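Keep in mind the model is a prediction, meaning the values are calculated, not measured. Atoms within a ligand are numbered from 1 in the order they appear, just like the ligands themselves.
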Amino acid sequence: MPEIKCSVTECAYNKDVKCGAPMIQVDHNGVSDAKNSDQTKCDTFKRS
Ligand code: SF4
């Protein structure tokens with residue numbers, strides 16, 4: 001997987017402000033036709 005910078009440090013997969021998950025799922029965030037990044041979200045987030 002490519003390096004993914006992620007500032008959500010409270011996620012269990014976050015290591016040194018990077019994603020350490022083997023794979024992530026990104027989904028729409030409450031819309032069916034995203035127009036900007038605010039309308040997407042990481043579904044793999046898990047609270048540490
Ligand atoms: S799983 Fe998602 S929220 Fe968690 S570190 Fe990776 S990209 Fe960030």
Side-chain angles (χ1 to χ4, degrees):
M1 186 158 97
E3 279 195 335
I4 297 174
K5 292 198 322 189
C6 177
S7 55
V8 186
T9 52
E10 65 272 37
C11 177
Y13 294 110
N14 200 293
K15 275 211 173 90
D16 302 327
V17 200
K18 287 181 189 167
C19 182
M23 178 182 174
I24 62 169
Q25 171 76 39
V26 178
D27 207 344
H28 293 92
N29 188 17
V31 297
S32 59
D33 184 17
K35 301 281 195 285
N36 55 54
S37 58
D38 287 349
Q39 295 177 338
T40 70
K41 64 184 169 72
C42 177
D43 274 348
T44 307
F45 169 82
K46 186 170 80 174
R47 188 72 161 97
S48 59

Exercise for the section: State, yes or no, whether a side-chain contact exists between Q39 and H28 at a heavy-atom distance under 4.5 Å. Expected result: no
Handout entry: Contact flag C42/atom 6 (Fe) of ligand 1, N/O/S atoms, threshold under 2.8 Å
Key = no
Practice task
Could you tell me the residue and atom name of the protein heavy atom closest to atom 4 (Fe) of ligand 1, and the distance to it rounded to 0.1 Å?
Solution key: C11 SG, 2.3 Å
Practice task
Could you tell me the residue and atom name of the protein heavy atom closest to atom 6 (Fe) of ligand 1, and the distance to it rounded to 0.1 Å?
Solution key: C19 SG, 2.4 Å
Problem - Rounded distance [0.5 Å steps], CD in E3 versus SG in C19 - result: 11.0 Å
Handout entry: Straight-line distance of K15 NZ to C6 SG, nearest 0.5 Å
Key = 13.5 Å
Exercise for the section: Could you tell me whether any N, O or S atom belonging to C6 is less than 2.8 Å from atom 4 (Fe) of ligand 1? Expected result: no
Problem - Rounded distance (nearest 0.5 Å) linking atom NZ of K41 with atom CD of Q25 - result: 8.5 Å
